[in-house]
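Letters go in sequence order (proteins before strands), and every chain restarts at 1.
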Number of protein chains: 2
Amino acid sequence: MPAAIHESRPNRRGVEVRERVLRTAWEAFSREGFRACSLARIAADAGLSQAGLLHHFPTKEDLLLAVLRWRDELELDQVGRTLPTHTGLSVLSRLLRLVEINVELTDVVRSFTVLSAESVSEGHPARDWFRARYTRVRAAVADALQSGVDSGEIRAGTDCHAVATEVCAVMDGLQLQWLLDPGAVDMVALFRDYARRLDAALRNPAREAPDTPDGQDTRDTGDTPGGTAPSAAP
Amino acid sequence: MPAAIHESRPNRRGVEVRERVLRTAWEAFSREGFRACSLARIAADAGLSQAGLLHHFPTKEDLLLAVLRWRDELELDQVGRTLPTHTGLSVLSRLLRLVEINVELTDVVRSFTVLSAESVSEGHPARDWFRARYTRVRAAVADALQSGVDSGEIRAGTDCHAVATEVCAVMDGLQLQWLLDPGAVDMVALFRDYARRLDAALRNPAREAPDTPDGQDTRDTGDTPGGTAPSAAP
DNA sequence: GTCTATACCGCGATAGAC
DNA sequence: GTCTATCGCGGTATAGAC
């Protein structure tokens, strides 16, 4: 009788190590970028040898993709539940809250900034992932705005997808300048100003109740770390 | 009598080679980033050996800094003359024109996106350069806006520096999404929409002559390539 | 000023013992 | 599942001939 097929059935210990490696790799990629960072260093920081690491993730590229998938799951758990609860212009308040959280998470923001920019190179292993991510985030924000249009809160004829793209761009662009020169760029204040102006421009004038995104929103937004932009549940 | 000191007095030929190397290196850095790119490849593309390259630029880092200084001079020549001629809200038209130019210069845009993001790492050789660049660009745009405030075209009390930072952020953020997914992001249209809305928000209502930034501006703006954001003469 | 040759190192990945 | 040892490659930088 042949031995039972040795499925990669992870026991408790294996999952622990795997997760520790993923977290360490994520931090390393964030500091130095994917290409510049070495497996040996990640392995050492995670407390195992390089060969040991490669037992779990056969190649460096596999490790990167695993890290990105792992981040996906984290964000899906965290943001996926809270973002859809905000519809219409309140999504701007939610995003402002995200910026407020991000300003305390320099490493996470740097991760997304470094990795996403690196991934625009032709043939970069993370390119598809980032493209899909932006597609998803833009759609989520656009959906939230569209429901505002449907309810009459937002002006009819608003191009919600265009606005969503612009909002993501502001977040990303501010992050870059903030990372380069934190003392000169007040990311939270700048995004708040932008969001207020956008709110005023989009709001349907034939309505009242100006719940401007001034950070005084008291809904439960959750303490959701997020990179460049929030991920949303599909 | 001792031989004359052999100053690095570049003759015609030397300058030619140097410039060819700089241009090649700029393109290589733009595609792959600074760290990922190899001197051997740059040397080959520039038509000389690696050792020959290192004769002109002793280390890779020297080469990077030389490339950045070279870009500075180029932009100073090109943008430095045209941007200061636009004051007040017309600076938005000028920036829209820049986006229109950039959309045809994928490689240049990618250069700035990749390099600037890479430079946010601690101790990156280009970090100081990018920080200084953004400081300069923000100040230039803010100055243009401020003169609009002074002339009464723009609302009194406008925080010109904050707006300048935001405008740069929009340009950078749109570039990232556009590079990742050119088919899904119409960078020019998106920036035009943003600029129009910003124009409307900033314009002093106690005035007339709404010269909106719709790209119909007929002033001579010059064909000025520029990266992430325009550089301006001090 | 440019070359060939090479030193030297660190990288990703593999082999095989335990 | 983790280790040590090692391979093979490609990187930056240097030495020295021409």
Rounded to whole angstrom units, what separation is found between the [atom1] atom of [X] and the [atom2] atom of [N]?
{"X": "Glu16(B)", "N": "dG1(C)", "atom1": "CD", "atom2": "P", "value": "13 Å"}
{"X": "His55(A)", "N": "dG12(C)", "atom1": "NE2", "atom2": "C1'", "value": "18 Å"}
{"X": "His56(B)", "N": "dG1(C)", "atom1": "NE2", "atom2": "P", "value": "7 Å"}
{"X": "Leu48(B)", "N": "dT4(C)", "atom1": "CG", "atom2": "P", "value": "10 Å"}
{"X": "Leu53(A)", "N": "dC3(D)", "atom1": "CG", "atom2": "P", "value": "10 Å"}

- Task: Check side-chain contact (heavy atoms from CB on, under 4.5 Å) between Arg31(B) and all other residues, then give those that pass, not counting sequence neighbours.
- Result: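 Arg31(B) satisfies side-chain contact (heavy atoms from CB on, under 4.5 Å) with Glu27(B), Ala28(B), Asp45(B) once adjacent residues are dropped.
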- Report, as a single string ordered 5' to 3', how protein heavy atoms within less than 4.0 Å touch nucleotides 10-18 of chain D: B base, S sugar-phosphate only, - not at all. -SBBBB---
- Partner residues of Asp128(A) under the salt bridge (charged side-chain N to carboxylate O under 4.0 Å, His left out) criterion, sequence neighbours left out: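 Counting only residues at least two positions away or on another chain, Asp128(A) forms a salt bridge (charged side-chain N to carboxylate O under 4.0 Å, His left out) with Arg131(A).
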- Message: Over 60° means perpendicular and under 30° means parallel, so tell me whether Tyr194(B) and Tyr194(A) are parallel, tilted or perpendicular.
- Response: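 Taking Tyr194(A) first and then Tyr194(B), their aromatic rings sit tilted (interplane angle of 30° to 60°).
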- Query: side chain to side chain contact (heavy atoms under 4.5 Å, CB included) between Arg138(A) and Val185(B): does it pass, once the steps are laid out?
  - Reply: CA-CA 11 Å; Arg138(A) 284 192 297 254; Val185(B) 176; 3.6 Å; yes
- Ser38(B) side chain vs Arg41(B) backbone, donor-acceptor pair below 3.5 Å: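 Pair found, side chain donor or acceptor close to backbone of Arg41(B).
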- dC3(C), dC3(D), dT2(D): which one has an atom nearest the side-chain heavy atoms of Ser49(B)?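 Of the candidates, dC3(C) comes closest.
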- Item | Sidechain N-carboxylate O distance under 4.0 Å for Glu75(A), Arg136(A) |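 Judged by the 4.0 Å cut-off on N to carboxylate O distance, Glu75(A) and Arg136(A) do not form a salt bridge.
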